[in-house]
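Because the structure is predicted, anything quoted here is derived from the model rather than measured. Counting starts at 1 for both ligands and their atoms, in listed order. Residue indices begin at 1 and follow the sequence shown.
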Amino acid sequence: MRSKVTKAIFPVAGMGTRFLPATKSVPKEIMTLVDRPLVQYAIDEARSAGIKEFIFVTSRGKGALEDYFDNAPQLEQALRKKGKTELLEILKSTNMDSGEIAYMRQHKPLGLGHAVWCARRLVGNEPFAVILPDDVIAAEKSCLQQMVEAFEETQSNIVAAMEVPDDKASSYGILDIKEDMGALVSTKGMVEKPAPGTQPSNLAVIGRYILTPTVLQKLNKKTVGAGGEIQLTDAIDDARNDGEEVYGLRFKGTRYDCGSKAGFLQATVAFALARSELRDDLFKFIQDMVAADKAAE
Ligand code: UTP
């Protein structure tokens with residue numbers, strides 16, 4: 001029987017140190033691109049791909065994230081009273097149904113692989129998606145939807161992949177390519193954060209995965225990898241060593257690394273320019289800034 005992917009894990013237990021001091025009290029995933037928190041983009045993407053169960057792996061200090069997904073009846077009533085129907089609809093579209101969302105604590109930040117492992121009992125014995133909300137992907141067809149379609153064909157592990165320049169490869173998990181079939185590549189290995197110059201290709205793994213339960217079993221070993229953390233890529237490669245296929249999918253879309261300040265700012269500008277009510281003013285503002293900057297040179 002062919003499996004369907006209906007569960008997604010959102011590992012959000014990291015400390016978000018690159019955004020200190022903001023992340024002292026605001027979880028990184030609640031920070032907003034224009035007017036929507038990062039996590040809302042992740043949820044919308046998951047829904048578009050047919051996900052029905054949303055599993056968040058959180059940590060101390062992430063209360064604002066849980067609150068965000070609560071219904072807000074008083075706020076809804078106030079908007080209704082004031083006849084602000086458009087805002088009311090926007091608000092309602094962010095509501096989660098009871099039982100649709102679950103929270104699991106990662107008690108120590110032992111790494112992404114460990115965070116995923118924390119959700120193992122909720123996932124059970126079926127394929128599942130992993131979405132890192134700080135990778136935001138603008139795409140006509142959502143990245144996860146593209147991956148689910150590829151999974152329907154392959155029924156194997158799939159990671160989202162994108163080309164990165166040589167000098168950036170050591171910041172990513174990098175695929176060792178067995179066969180390049182265009183959008184899809186099969187792999188014969190995967191290295192987390194290779195030493196500069198040793199990367200087997202320029203195809204990097206970014207924050208979307210569809211994985212088989214074997215990867216969870218491999219995570220049981222709690223093998224410590226690059227950076228002293230339990231790495232998800234190591235467990236995926238371990239599953240491949242055991243005979244499972246691991247594919248990379250060159251998705252169509254633009255990925256913003258919203259875990260970094262530069263990426264977050266770029267995404268903010270790109271998403272704002274994509275909004276008709278903001279575009280003209282912002283565009284003019286940027287043009288004026290560039291002109292003033294050039295004049296000052
Ligand atoms: P990052 O490497 O971006 O770490 O984690 P971080 O803590 O979020 O941010 P910085 O580097 O300190 O600024 C990638 C993803 O893995 C999750 C993070 O929440 C993020 O979604 N993660 C990482 C965990 O859930 N647990 C961990 O132990 C580590």
Side-chain angles (χ1 to χ4, degrees), residues 7-33 37-43 45-46 54-66 68-69 101-120 122-123 128-137 143-144 159-160 162 164 168-174 190-194 204-209 211 215-216 219 221-236 255-267:
K7 295 181 180 175
I9 303 176
F10 301 79
V12 293
M15 291 183 287
T17 52
R18 281 170 289 173
F19 280 97
L20 281 171
T23 42
K24 234 168 102 184
S25 66
V26 182
K28 176 172 66 174
E29 302 72 25
I30 284 293
M31 292 181 5
T32 52
L33 287 182
L38 292 183
V39 73
Q40 187 64 52
Y41 292 93
I43 290 278
E45 181 175 339
F54 304 82
I55 304 163
F56 278 79
V57 181
T58 68
S59 57
R60 186 181 291 274
K62 301 274 176 172
L65 197 129
E66 298 189 22
Y68 175 77
F69 288 117
I101 188 162
Y103 301 98
M104 186 58 78
R105 278 276 170 117
Q106 184 191 25
H107 292 112
K108 280 188 194 161
L110 296 178
L112 174 59
H114 181 260
V116 168
W117 177 81
C118 287
R120 66 200 178 281
L122 292 176
V123 169
F128 59 99
V130 177
I131 297 188
L132 307 190
D134 48 12
D135 269 338
V136 176
I137 300 168
C143 176
L144 195 66
V159 298
M162 96 184 189
V164 295
K168 294 277 179 336
S170 58
S171 307
Y172 292 89
I174 298 287
M190 199 187 277
V191 198
E192 185 60 41
K193 301 189 174 59
V205 178
I206 60 118
R208 303 288 183 275
Y209 310 77
L211 302 173
V215 175
L216 294 175
L219 285 168
K221 295 194 217 164
K222 304 214 183 84
T223 312
V224 174
E229 296 196 338
I230 299 171
Q231 298 288 355
L232 183 58
T233 42
D234 291 345
I236 300 171
R255 173 256 189 181
Y256 297 95
D257 174 12
C258 291
S260 77
K261 279 178 264 206
F264 195 93
L265 290 169
Q266 287 160 13

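To the nearest 0.5 Å, atom CD of residue Q231 and atom CG of residue L110 are 11.5 Å apart. A distance of 9.0 Å separates OG1 of T58 from CD of Q106, quoted to the nearest 0.5 Å. W117 CH2 to M104 CE: the interatomic distance, rounded to the nearest 0.5 Å, is 10.5 Å. A distance of 8.5 Å separates CG of L122 from CD1 of I9, quoted to the nearest 0.5 Å.
Contact atoms of ligand 1 toward A115: 24 (C), 25 (O), 26 (N) (distance under 4.0 Å to a heavy atom of the residue). Near G111, with a cut-off below 4.0 Å to any heavy atom, the atoms of ligand 1 are 26 (N), 27 (C), 28 (O), 29 (C). Below 4.0 Å from some heavy atom of P109 lie the following atoms of ligand 1, by number and element: 28 (O).
Ring centers of Y209 and F128: at least 6.0 Å apart, outside the cut-off. The distance between the ring centers of F69 and F56 falls below 6.0 angstrom.
Summary of contacts: the protein heavy atom closest to atom 5 (O) of ligand 1 is D134 OD2, 4.8 Å. Given atom 2 (O) of ligand 1, the protein heavy atom at minimum distance is R18 NH2, 4.2 Å. From the protein, the heavy atom lying nearest to atom 22 (N) of ligand 1 is G14 N, 3.7 Å. Atom 25 (O) of ligand 1 has as its closest protein heavy atom A13 N, 2.9 Å. The protein atom (non-hydrogen) at minimum distance from atom 12 (O) of ligand 1 is T17 OG1, 2.5 Å.
Taking any N or O of P133, backbone or side chain, none lies under 3.5 Å from an N or O belonging to ligand 1. In terms of polar-atom proximity, defined here as any N/O pair under 3.5 Å, F19 makes no such contact with ligand 1. Checking only distances, L112 never comes within under 3.5 Å of ligand 1, N or O to N or O.
One side chain, Y68 or Q40, offers a donor N or O that lies under 3.5 Å from an acceptor on the other.
Under a 4.0 angstrom heavy-atom cut-off, M15 registers as being in contact with ligand 1.
When heavy-atom distances to ligand 1 are checked against a 4.0 Å cut-off, Q106 comes that close only through its side chain, counted from C-beta outward. Only the side chain of K28 comes within contact range of ligand 1, with a heavy atom under 4.0 Å; no backbone atom does. Here P11 has heavy atoms under 4.0 Å from ligand 1 in both its backbone and its side chain. Contact annotation: for L110 versus ligand 1, heavy atoms closer than 4.0 Å belong to the backbone alone.
For K193, the salt bridge (charged side-chain N to carboxylate O under 4.0 Å, His left out) criterion is met by no residue, not counting sequence neighbours. Residues satisfying the side chain to side chain donor-acceptor pair (under 3.5 Å) test with D134, not counting sequence neighbours, are K28.
Across every non-hydrogen atom of G113 and L219, the tightest pair is O-CD1, 3.4 Å.
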